[in-house]
Amino acid sequence: MQMALQRFRIFFVILLLFQIPASAARTFSRNHWNLRLGATVSNLAQRLSAPDGFDSKVSQIQGLLGIQRQLYFSKKWGISPDIYVWLPWRNGADGTTLTFTSHLAVPFFWELWSGFQLFLGPGIFWESHFSKQEAILLGNGGGSSTFYTPWRTRLVILPSVFGGTKFNLSKRMGLFLGVVVPEAFHSDKRRWHVAGGISIRI
């Protein structure tokens with residue numbers, strides 16, 4: 001019940017973040033939606049510093065699906081709430097934990113010149129972890145032992161900073177590159193997630 005209430009609150013916040021800016025900027029004719037498709041690399045710094053063969057243990061490459069609402073307040077700047085999900089769900093190292101990663105951002109954007117934009121603003125990075133109740137046989141010195149994983153769900157929500165660029169190839173299609181940094185102001189907790197792909201105006 002508590003988890004369902006928490007998810008409802010998150011959904012309500014997302015709805016407000018998309019609708020309030022829209023009502024403030026609805027008179028500007030350039031406002032539009034973008035569908036974003038691409039890929040993301042998690043924990044980039046750890047991936048680059050990991051020993052050979054261990055890069056996939058500390059970092060994952062996944063697909064990215066997102067939706068963005070671009071709202072102009074003038075000819076050159078505005079706000080663009082967007083939400084992304086990492087696909088597919090990631091399995092833990094033991095194969096019993098599924099991790100669903102999402103990110104919601106509300107950055108401002110500046111159009112430096114026609115077709116090229118910069119984005120920067122706050123966001124919320126969250127992961128849902130789903131553990132299956134299962135018995136696992138693992139090595140234990142010279143033999144093996146049975147370990148048990150519990151059935152549980154855990155939600156991790158972290159403040160983040162989002163920055164990026166977009167370059168328009170045409171009126172309907174462009175390329176984007178972005179960086180998501182959860183816990184950006186804590187050097188020992190900071191993680192860099194890099195994403196890129198195509199943006200399609202819908």
Side-chain angles (χ1 to χ4, degrees), residues 10 13-49 59-87 101-127 157-202:
I10 292 173
V13 169
I14 291 171
L15 185 64
L16 285 178
L17 288 173
F18 274 86
Q19 293 301 321
I20 291 175
S23 63
R26 63 164 59 104
T27 57
F28 209 91
S29 61
R30 297 173 69 189
N31 299 340
H32 58 273
W33 292 89
N34 291 308
L35 176 67
R36 291 193 160 182
L37 305 170
T40 181
V41 180
S42 64
N43 299 331
L44 183 62
Q46 288 74 18
R47 186 182 188 91
L48 295 176
S49 61
S59 171
Q60 290 80 35
I61 299 175
Q62 294 176 266
L64 187 73
L65 174 64
I67 187 79
Q68 178 198 55
R69 184 76 190 274
Q70 198 148 3
L71 302 164
Y72 283 83
F73 292 104
S74 74
K75 291 184 178 181
K76 291 294 184 180
W77 72 277
I79 194 170
S80 60
D82 51 40
I83 186 168
Y84 296 92
V85 293
W86 277 237
L87 298 172
T101 306
S102 304
H103 187 257
L104 170 69
V106 191
F108 287 93
F109 68 87
W110 296 267
E111 191 165 309
L112 297 183
W113 60 80
S114 180
F116 184 79
Q117 298 170 338
L118 293 178
F119 298 81
L120 183 64
I124 298 172
F125 179 89
W126 76 84
E127 288 186 332
I157 301 176
L158 301 172
S160 65
V161 173
F162 172 78
T165 64
K166 186 178 81 167
F167 177 73
N168 291 332
L169 301 174
S170 67
K171 286 185 177 181
R172 299 191 62 84
M173 184 170 292
L175 301 176
F176 74 91
L177 180 66
V179 178
V180 176
V181 189
E183 298 282 12
F185 302 105
H186 296 274
S187 59
D188 56 338
K189 299 180 181 179
R190 186 186 304 136
R191 295 292 183 269
W192 299 82
H193 304 277
V194 179
I198 61 172
S199 180
I200 305 170
R201 182 168 177 168
I202 53 178

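Within the model, atoms CZ of Arg201 and CG of Leu35 stand 14.0 Å from one another, a figure rounded to the nearest 0.5 Å. Interatomic distance, CD1 of Ile198 versus CG of Leu175, reported as 8.0 Å (0.5 Å rounding). Remark: Gln62 CD to His193 NE2 distance equals 10.0 Å, nearest 0.5 Å. Put simply, CD1 on Ile200 and CD1 on Ile202 are 8.5 Å apart, with the number rounded to the nearest 0.5 Å. Taken to the nearest 0.5 Å, the NE2 atom of His32 stands 5.5 Å off from the OH atom of Tyr72. Here Thr40 contributes atom OG1 and His103 contributes atom NE2; the two are 10.5 Å apart, rounded to the nearest 0.5 Å.
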For a side chain to side chain contact (heavy atoms under 4.5 Å, CB included) check, start with the C-alpha distance between Val194 and Leu177, then their side-chain angles and the critical distance, and finish with the verdict. CA-CA 8 Å; Val194 179; Leu177 180 66; 4.1 Å; yes

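When all heavy atoms of Ile79 and Phe109 are compared, the pair lying nearest together is N-CE2, 3.4 Å. The two residues Leu37 and Phe176 make their nearest non-hydrogen contact at O-CE2, 4.0 Å. For the pair Ala105 and Phe162, the tightest heavy-atom approach, listed with the atom from each and the gap, is CB-CB, 4.0 Å. Scanning all heavy atoms of the two residues, the minimum distance from Leu158 to Pro182 falls at CD1-CB, 4.0 Å.
Residues Gln68 and Phe119 are in side-chain contact: their nearest non-hydrogen atoms beyond the backbone lie under 4.5 Å apart. Between Ile67 and Asn34 the shortest side-chain heavy-atom distance does not fall below 4.5 Å. The closest side-chain heavy-atom distance from Trp86 to Leu64 is below 4.5 Å. Side-chain atoms of Pro107 and Leu120, non-hydrogen and from C-beta on, never get closer than 4.5 Å to each other. Annotation: side chain of Asn168 is not in contact with side chain of Ser199 (no heavy-atom distance under 4.5 Å).
For the residue pair Glu127/Thr101, the side-chain donor-acceptor check at 3.5 Å is satisfied. Using a 3.5 Å distance cut-off with no hydrogens or angles, the side chains of Lys166 and Gln70 do pair a donor with an acceptor.
Contacts of Trp110 classified as ring pair (Phe, Tyr, Trp, His ring centres under 6.0 Å), with partners at least two apart in sequence or in another chain: none.
Between the side chain of Ser102 and the main chain of Trp126, no donor-acceptor pair closer than 3.5 Å is present.
Applying the salt bridge (Lys or Arg N to Asp or Glu O under 4.0 Å) test to pairs two or more places apart or on separate chains, none has a residue in residues 35-45.
Within 6.0 Å of CZ in Phe167 there are 12 or fewer heavy atoms belonging to other residues, nucleotides or ligands.
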